[in-house]
Amino acid sequence: MDLVTVNGLSKRYGGIVALSEATFGARAGEVHALLGENGAGKSTFIQILSGAVQHDGGSILVDGRDYRPANPDAAQARGIAAVFQELSLIPDLSVEQNIWFRHEPRTLLRTVNRKEMRRKTLALLEKYNFPALRPDQELRRLTLAERQIVEIAKGLAKDTRILILDEATSALPAREAEWLLKLTRQLAAEGRLVIFISHRMAEVRAIADRLTIFRNGSTVAAHEANAVSDNEIVTQMIGRHLDRLYPERVATATDSIALSVKGVSSGSRLSGVDFALREGEVLGVGGLQGHGQRELFQALFGATRASGTIELWGKPVSIGNPRQALTGKDGIALVPEDRRGQGLLLTKSVRENLTLSVIKRFTENGLLSRQKEAALVKEMVDFLRIKAGTPEQLAGTLSGGNQQKVIFGKMLLTQARVLLLYDPTRGVDVGTKGEIFQLMRDLASKGYAILFHSSDMPELVHVADRVLVMRNGRIAATLEGDHISEEEILRAAMLETKAA
Amino acid sequence: MSAFLARNRLIVLAYAGMVVLLLVTALFSPGFLSVSNMRSTVVLAAFVGIVALGQTFVIIGGGIDLSVPWVLNSAAIIMALLCGGQDLPLVWVMPLLLAGGAFIGLVNGIGVARFGVPPIIMTLATNVILQGLILVLTGGSPTPSAPALIQFLSVGRIGGFPVIALIWLALTLVATLLLSKAAFGRHLYALGTSATVAEFSGVPTARTTVLTYVISGLTAAFAGMLLTGYSGQAYLGMGDAYLFTSIAAVAIGGASILGGSGHYLGTVAGAMVLTILTGLLPALNLSSGALLIVYGAVILLTVSVGSETFAGLGGRLRRKEG
Ligand SMILES: Nc1ncnc2c1ncn2[C@@H]1O[C@H](COP(=O)(O)OP(=O)(O)O)[C@@H](O)[C@H]1O
Ligand SMILES: [Mg+2]
């Protein structure tokens, strides 16, 4: 019998239908993948399951009994926990304090039993073979990936029968992502149900027993994983046939150098980087996570201090802050790593976000022209096909792919023609990914120069014209033409690390 | 129209609160709605409103200005001293003191934006320093009375309207333009919503922060001069009440104290609410201690009615019904 049975589940946000008559069924002891484009309703579905929001219609049965949790604690009481896309951790607390938050082991005097907490934390980390985490480390010192791992530990800390992972691998580097996949298999083997959301087909293939596909808030199909092809899945997800994910690689690079970087260093993470990015080129930046990619992008954008020489379109520039980077036709724009923390004002509208960097352009005699602004916003929303009810919808309520499109739009409205894209497809569905790659190629052919980092190696291999591989804060290799392959990237990224 | 109401729900609430309070007050003291009484209520509210103008900008930007009491007081006392009861010196004294207020704001702003001093500490420090300076300067002796021109600005009338109400109206217009119609306003809301996102978007975050404190210094100094005209004299401690009222007016007006939201139009209602309240309470014939308690409680209530929590609760209730 199914552990979870969902029928006719519906949820509206004002005029927006997030879920309409969705069905779902999953058994104990399986890994069940939930697939769908951004905005398909996956997150809403699991928010309902985990008690974070309440549904308007339909029924959920867990163990054959009616289930309608009023809050996450009620869900917890029935053994259901979720690891959300939007992390819920408290920066000022330590790793272990976060893991046990509001469920701390107590002494007889009802004070927190620190020893016991430490013991239980270490036991948990060991049992599931967690990547190195120090229980006493303050959360604010951790990277996005490490926080995601703490979030997973928190989900496992209680007696959880159903664990839901919402795009948990999207923030993880390759090795940790692999660990997580093993973990889900281990949990399923223990008789638990893992509901797993991911946009990476390879992962789904590796671990899922069954899968359910959502489109526009409804269930379109459920399959045994080994009885359906990738193509069928993608077609059902996007409701049409996707010819190809990666656009054809047409060489549009010219001889003119858009960005020249010489001896750029920053702290201990970036030590003497040299390269040149040409007009019309998509230049990939790869390598193992934490080898200076983040620092390189931030240094070029003026978000961290750096030394060395940077030239834009042949002119030496000194970029002290993002404002200087974004200024003028010779500017340089960034799609940042942390969409929600660096890219978007979540509580402001799509319109305000789109025009934030260029708001001065809509002023006449110091006063804003709302018409001018609205016209450009509409143009950009149409051009990028941003799915929002109206431009006044709050950016925080958009799905991940549409949030990313808003950030792209914001960047494209500036006049910068050197674009820094830091992992722009993280947590973005295949359909939107395809759109983003196509957009990158179109921009390149219009004379933009693009520096492109991705945590997903196949993207570098299929999209970039050349790939810089970083190791220990330097460029370890530059791959071109036939030499661009996952093997070559890995070889360049790892070889000397081993020797050292 | 309904979209407008939804977006500015908290501001609308503040005005609704103001109207309710007016009616309640009229019940307790029937003379309250008379023209002359309304006129004096608006005049009193104008002082709160002008100080709270700068405070609104600072709070929307994610900061707070605790230096308003002694910026106000310093401007009042120095003006009285420099003018010696004469109108003529005002020509240079007024610009000088406005510049002085702006300078204090500049110091506050640079401390916060460039050196990362928490706004509470920074502005509290300038407040105390100014207090000390004024005490040294006056030695506690009384100051000459206010020049006639200043008295005209604060208690005079033009065509039946209090001059200060007209000044307040003009300032409201300017503030509204800055917040709703200028690039500065967009930058300010972005800054208060997320300083990191604003920085990554190319918003001049430091300059915007500094400007808010400069505006606050300007309005506090201006209010100090006007207030001297109203009381006929400058005296030590005359700004103290404005610390609390300026912040409360902003909060009642619907701004989040954490920044990123709110509008001066809301603050205007907030200033009115606070002033009507001070008019209502004596009519209840309570002892002065009890008065303060009721005053505080009502403000707490009003602010929480306007706060996000309450708005969220209202939203939840509505959804349950629907
Ligand atoms: N709080 C909200 N307010 C308004 N719309 C929302 C809210 N949350 C989600 N939505 C909308 O509901 C739809 C489904 O979103 P979501 O469940 O996040 O999709 P997915 O996780 O599959 O990408 C989207 O169109 C999204 O914009
Ligand atoms: Mg989602």
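Just so it is clear, the values below take in all heavy atoms, side chains as well, and ignore hydrogens, waters and symmetry mates. Proteins come first, then strands; the chains are lettered A, B, ... in the order of their sequence lines, and each starts at number 1.
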Cross-chain donor-acceptor list, chain B x chain A, under 3.5 angstrom:
from	atom 1	to	atom 2	distance (Å)
B:Lys181	O	A:Leu368	N	2.6
B:Arg186	NH1	A:Glu373	OE2	2.8
B:Arg186	NH2	A:Glu373	OE1	3.0
B:Arg186	NH2	A:Glu373	OE2	3.3
B:Ser201	O	A:Ser357	OG	2.7
B:Ser201	OG	A:Lys410	NZ	2.7
B:Gly202	O	A:Arg323	NH1	2.6
B:Gly260	O	A:Lys348	NZ	2.7

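Distance check, rounded to the nearest 0.5 Å: CG of A:Leu368 to CZ of B:Phe184 gives 12.5 Å.
Among the candidates B:Ala190, B:Gly202, B:Gly260, the residue making the largest number of heavy-atom pairs closer than 4.5 Å to chain A is B:Gly202. Contact count against chain B (heavy-atom pairs under 4.5 Å) is highest for A:Leu356 among A:Leu346, A:Leu356, A:Leu334.
Contacts of A:Leu345 with chain B are made by both backbone and side-chain atoms, with heavy-atom separations under 4.5 Å. If you measure heavy-atom distances from A:Phe362 to chain B, you find no contacts under 4.5 Å at all. The part of A:Leu326 that comes within reach of chain B is its side chain, from C-beta onward, which places non-hydrogen atoms under 4.5 angstrom from that chain.
Under the 4.5 Å side-chain criterion, counting only non-hydrogen atoms from C-beta, B:Val197 is not in contact with A:Leu344.
Residues A:Phe301 and B:Phe200 approach most closely at CZ-O, 3.4 Å, considering heavy atoms.
When the shell of 6.0 Å around CD1 of B:Ile120 is examined, it contains 12 or fewer heavy atoms from other residues, nucleotides or ligands.
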